[in-house]
Amino acid sequence: MSGLFFALEGIDGSGKSTQLQLLAGRLEAAGIPCLTTREPTDGPIGQLLRQVLTRQLSCDSRVVAPLFAADRLDHILNAGTGVLQALERGITVLSDRYYFSSYAYQGVDLPLEQVVEINRPCADLLRPAATLFLDVDPDLALERIARNRAGTELFETKDRLARAREQFFRAFDREREREKVIIIPGGQSVEQVAEALWAAVRPFYNE
Ligand code: ADP
Ligand code: TYD
């Protein structure tokens, strides 16, 4: 495997999808071929999950956690669109959310130990070179979401965003021996955050 895999993490409204596109553009401009992906994926399980998140379908959190893990396994291994095969071709892959999102969001309702256990097969298959966490105050994140989005999802209340953020940090602490996590202050302008992300990623290409 020769490509690098980076996961972008953060609560909703932290700017992940904005920054993912900018970072991909900068990598491509530097001559580094790049693929962007996201979770939930656009595959069949991911589509089902989006219906749960927008409340078109209701589903218990004990059921939703294994569904996310199944979607993740497909994200890694899929013969046509999987991350592993892109990495084998030397492509850098940037993913909007990965297993820390499960630890954070599902850890609000389920014991963190249980969520980590469900995701262990995925973590053992593919760990990111680094998890890039865009850290934004939940108030600011909610403001951005309210300003820019028509529909809201299951987690988009201030209390749940604040709890998800706390769970991210609990999981980073718990997994600190196994995972490389880089915290990026995400409350600045789009350009400033993009600059900080670029500075975090660039050293991986000089090694
Ligand atoms: P996420 O993917 O983490 O939910 P988005 O990239 O979709 O976040 O950003 C949420 C909203 O906030 C978008 O409408 C985006 O234009 C806006 N936004 C993103 N980054 C910033 C920033 N640094 N400053 C102000 N607004 C931002
Ligand atoms: P989000 O990034 O808000 O998607 P989009 O911006 O495309 O609407 O994320 C989808 C939601 O899924 C978010 O509330 C977090 C949740 N989620 C989990 O609960 N577990 C997971 O493993 C993942 C990847 C996401």
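Indexing begins at 1, ligand by ligand and atom by atom, following the structure's order. All values derive from a computational prediction rather than experimental measurement. All residue numbers refer to positions in the sequence shown, counting from 1.
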- Do ligand 1 and S17 have nitrogen or oxygen atoms that lie under 3.5 Å from each other? yes
- Polar contact flag for R97 and ligand 2 (N/O pairs, less than 3.5 Å): yes
- Can any side-chain N or O of Q114 pair as donor or acceptor with the backbone N or O of P111 at less than 3.5 Å? no
- Task: Within a distance under 4.0 Å of any heavy atom of R50, pick out the atoms of ligand 2 and give their elements.
- Result: 7 (O)
- What about the rings of F100 and F172, do their centers lie closer together than 6.0 Å? yes
- Taking the six-membered ring for Trp, are F68 and Y105 ring centroids under 6.0 Å apart? no
- What residue and heavy atom of the protein are closest to atom 22 (C) of ligand 1, and at what distance? R144 NH2, 3.3 Å
- Message: For the 3.5 Å polar cut-off, considering only N or O atoms, please tell me whether T18 and ligand 1 meet it.
- Response: yes
- Message: When you measure from the heavy atoms of Q188 to every atom of ligand 1, does any distance fall below 4.0 Å?
- Response: yes
- For ligand 1, which part of Q19 has a heavy atom less than 4.0 Å away: the side chain, the backbone, both, or neither? neither
- Item | Donor-acceptor contact present, side-chain R97 to main-chain G10, <3.5 Å | yes
- Query: Just distances here: any N/O of V190 and N/O of ligand 1 closer than 3.5 Å?
  - Reply: yes
- Message: For atom 17 (C) of ligand 1, what's the nearest protein heavy-atom neighbour? Residue, atom name and distance, please.
- Response: N148 ND2, 4.0 Å
- Query: Is the distance between the ring centroids of Y98 and F5 under 6.0 Å?
  - Reply: yes
- Using a strict cut-off of less than 4.0 Å between a Lys/Arg side-chain nitrogen and an Asp/Glu carboxylate oxygen, indicate whether R26 and E195 qualify as a salt bridge. yes
- Evaluation steps, salt bridge (charged side-chain N to carboxylate O under 4.0 Å, His left out), between R163 and D109: CA-CA 10 Å; R163 280 155 70 198; D109 295 314; 5.0 Å; no
- Are a donor atom and an acceptor atom from the side chains of E9 and S101 found within less than 3.5 Å of each other? yes
- Query: Can you find a pair of side-chain heavy atoms, one from D135 and one from R165, that are under 4.5 Å apart?
  - Reply: yes
- Item | Per-atom contacts, ligand 2 versus Q106 - under 4.0 Å to a heavy atom | 18 (C), 19 (O), 20 (N), 21 (C), 22 (O)
- Enumerate the atoms of ligand 2 whose separation from the nearest heavy atom of Y105 is less than 4.0 angstrom. 14 (O), 15 (C), 18 (C), 19 (O)
- Can you sort out which atoms of ligand 2 are near R38, meaning under 4.0 Å from one of its heavy atoms? 7 (O)
- Message: I'd like to check which ligand 2 atoms, numbered from 1 as shown, lie under 4.0 Å from a non-hydrogen atom of S102.
- Response: 20 (N), 21 (C), 22 (O)
- Query: Which protein heavy atom lies closest to atom 3 (O) of ligand 1, and at what distance to 0.1 Å?
  - Reply: K16 NZ, 2.6 Å
- Item | Nitrogen or oxygen of G13 less than 3.5 angstrom from that of ligand 1 | yes
- Give the contacting part of L53 toward ligand 2: side chain, backbone, both or neither, where contact means a heavy-atom distance below 4.0 Å. side chain
- Message: Between D173 and R170 (salt bridge meaning N to carboxylate O under 4.0 Å), is one present in this structure?
- Response: no
- Message: Among all the protein's non-hydrogen atoms, which is closest to atom 8 (O) of ligand 1, and how far away is it?
- Response: G15 N, 3.1 Å
- Query: Heavy-atom contact under 4.0 Å between S189 and ligand 1?
  - Reply: yes
- Message: Given 3.5 Å as the limit, does a donor-acceptor pair link the side chain of Q106 with the main chain of S61, or not?
- Response: no
- Message: So R174 and E113, do their side chains get closer than 4.5 Å, heavy atoms only?
- Response: yes
- Proximal atoms of ligand 2 relative to R72 (non-hydrogen, under 4.0 Å): 21 (C), 22 (O), 24 (C)
